[in-house]
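In this chain, residues are counted from 1 in sequence order. We use all heavy atoms of the structure for the numbers below, so side chains are in, but hydrogens, waters and symmetry mates are not. Keep in mind that what you see is a predicted model, and the values were worked out from it rather than measured. First listed ligand is number 1; within each ligand, the first listed atom is number 1.
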Amino acid sequence: MEQQPGAVWVVVEQNGGILAEVTLELLGKARDLAALGGGAHASAVLLGSKIESLAEELIAHGADQVILMDAPRLTLYQNDTYALVLAELVKKHRPEIVLFGASYYGSELSATVAAKLETGLAAHCLDLYINDRGEFVQVVPAFGGMILGDILCPTARPQLASVKPGMFQKPDRDTTRSGETLIETPTVLEGYASPLKAVRVVQSQPAGLPLEKAATVVAGGWGVGQEAWHFLDQLAGELSGAVGCTRPALDEGWAAGEHAMIGTSGKTVRPQVYIGFGVSGATHHMAGMKDSGVIININKDPAATVFQVSDYGVVADAKELLPVLLEKIREYKGKSKSQATIKCIQ
Ligand SMILES: Cc1cc2nc3c(=O)[nH]c(=O)nc-3n(C[C@H](O)[C@H](O)[C@H](O)COP(=O)(O)OP(=O)(O)OC[C@H]3O[C@@H](n4cnc5c(N)ncnc54)[C@H](O)[C@@H]3O)c2cc1C
């Protein structure tokens, strides 16, 4: 009988006992990959302290096996200790594929583990599949996001990949599923004195409506500039939406914070309406907004790539158009309000 390769692993991301959505999304994909011959079965690797109860949840979302390492030293994520124990587990169990969420946690951890194991890592994948030859294909944006590249890892094992949140469908929770829990102890940490000590995790909460929940997303790119950025906030306010941005706008500090970035390294949004101002249309950004309902873009360059994915395109200077647009919307809202008042009086 043909020997099946090792398992497909998902490294679980949890904070204070709450599972990250990306972990569940990856579990669904891990099951698909295993079913297509990418690995013997899907396993979730769960590190932390007092997190045993999460094993059931992971099985309900598709894990055939949970590899559990529950120890006080693993209470808070710390790159060096987590990477050490993960590398040790990989050497012991020899999985075929190891998947991480491309969050801050997963991006950092996957790179450290890959270096320790001297194997490859395809970062920020947009898709993963098993091809006709039974090879694991990792699809990444390449050459500045202009093309999508297929990455194969023919010899080194395991094959490591990180995938950004929102790329795969979260599987339905099925509490009738059964799976095994394998308990491991972090022996590799015995005698290891870390130079770091994680004290606590502080999560900043973005003000206003979360980007991924907004029905209207107003996105700003490099073309908006700092001086006109405040118009985006006002426009989003008028439309009861949220403001998103591209990488350069984030790097310049115009946007509110990391949580506002849309794209392969940021959020995936599917609003009813996406309105982009001064966005060129790089694949890295479009990967995070292409499934929006109606896509409108304003760019002063008629040949901008972004117009290729737009339902409506406006060739205009965003800095000049934004205040005019705001004025018109307010005028319209004012009118419809006074009409409504007249109707009420009548
Ligand atoms: C590994 C990797 C991951 C990345 N991940 C992301 C990501 O998640 N999200 C992301 O957004 N980017 C990401 N990037 C960067 C991405 O490749 C692009 O560089 C970026 O999206 C371009 O942003 P932009 O459209 O704002 O800027 P630019 O490409 O500089 O485009 C600016 C546009 O504004 C137009 N313009 C200029 N002035 C005006 C004006 N006054 N009025 C109207 N239009 C104007 C220009 O014609 C141009 O089309 C990533 C890059 C790498 C290498």
Side-chain angles (χ1 to χ4, degrees), residues 22 100-104 106-108 110-111 114 120-127 138-151 161-167 211-212 217-232 235 242-271 274-292 295-310 312-326:
V22 68
F100 299 78
S103 55
Y104 289 112
S107 298
E108 185 189 54
S110 55
L121 163 70
H124 289 163
C125 296
L126 301 183
D127 198 8
Q138 302 149 85
V139 183
V140 295
F143 294 102
M146 297 309 287
I147 59 164
L148 295 180
D150 288 352
I151 306 278
S162 70
V163 181
K164 64 188 235 69
M167 295 317 294
L211 200 55
E212 56 276 39
V217 166
V218 175
W222 176 252
V224 173
Q226 184 168 24
E227 67 279 18
W229 197 266
H230 63 103
F231 289 130
L232 296 180
L235 184 61
V243 177
C245 69
T246 62
R247 166 57 78 189
L250 177 73
D251 290 346
E252 289 298 320
W254 304 336
E258 285 283 347
H259 53 78
M261 190 170 72
I262 299 169
T264 50
S265 334
K267 296 218 165 135
T268 301
V269 294
R270 294 182 184 87
Y274 166 101
I275 317 174
F277 292 86
V279 172
S280 62
T283 311
H284 286 123
H285 179 75
M286 295 199 293
M289 48 62 79
K290 63 179 174 30
D291 296 326
S292 305
I295 299 176
I296 306 167
N297 270 290
I298 294 87
N299 197 302
K300 69 176 185 185
D301 175 6
T305 316
V306 80
F307 288 136
Q308 291 169 15
V309 295
S310 304
Y312 299 96
V314 181
V315 179
D317 186 323
K319 296 172 201 189
E320 288 172 13
L321 185 75
L322 270 162
V324 178
L325 189 60
L326 262 170

Heavy-atom contact check, 4.0 Å cutoff: does [X] meet ligand 1?
X: G266; value: yes
X: M261; value: yes
X: P248; value: yes

What distance separates [X] [atom1] from [Y] [atom2], expressed to the nearest 0.5 Å?
X: I275; Y: L235; atom1: CD1; atom2: CG; result: 5.5 Å
X: I298; Y: F277; atom1: CD1; atom2: CZ; result: 4.0 Å
X: S292; Y: M286; atom1: OG; atom2: CE; result: 11.5 Å
X: K290; Y: L126; atom1: NZ; atom2: CG; result: 8.0 Å

Stepwise, does the side-chain contact (heavy atoms from CB on, under 4.5 Å) test hold for T268 with M167?
CA-CA 8 Å; T268 301; M167 295 317 294; 4.0 Å; yes
Does an N or O from [X], backbone or side chain, lie closer than 3.5 Å to an N or O of ligand 1?
X: A318; answer: yes
X: I298; answer: no
X: I262; answer: yes

Those atoms of ligand 1 less than 4.0 Å from some heavy atom in [X]:
X: T264; answer: 3 (C), 4 (C), 5 (N), 6 (C), 7 (C), 8 (O)
X: G221; answer: 26 (O)
X: D317; answer: 40 (C), 41 (N), 42 (N)
X: A282; answer: 16 (C), 17 (O), 18 (C), 21 (O)
X: R247; answer: 10 (C), 11 (O), 12 (N), 13 (C), 14 (N), 15 (C)
X: A316; answer: 42 (N), 43 (C)

Just wondering, more than 12 heavy atoms not from E227 lying within 6.0 Å of its CD?
yes
Given the rule in the side-chain contact (heavy atoms from CB on, under 4.5 Å) test, do L232 and L322 qualify, once you have shown the distances and angles that lead to the verdict?
CA-CA 8 Å; L232 296 180; L322 270 162; 3.9 Å; yes
Which is closest to [atom] by heavy-atom distance: [options]?
atom: atom 1 (C) of ligand 1; options: E320, E252, H284; result: H284
atom: atom 48 (C) of ligand 1; options: D301, N299, V306, L322; result: N299
atom: atom 44 (N) of ligand 1; options: K164, K300, K319, H285; result: K300

Do I262 and T246 pass the side-chain contact (heavy atoms from CB on, under 4.5 Å) test, and can you show the C-alpha distance, the side-chain angles, and the key distance before you say yes or no?
CA-CA 6 Å; I262 299 169; T246 62; over 6 Å; no
Run the ring pair (Phe, Tyr, Trp, His ring centres under 6.0 Å) test against W254 and tell me which residues pass, sequence neighbours left out.
W222, W229
Among residues at least two apart in sequence or on other chains, which ones pass side-chain hydrogen bond (donor to acceptor under 3.5 Å, both in side chains) with D127?
none
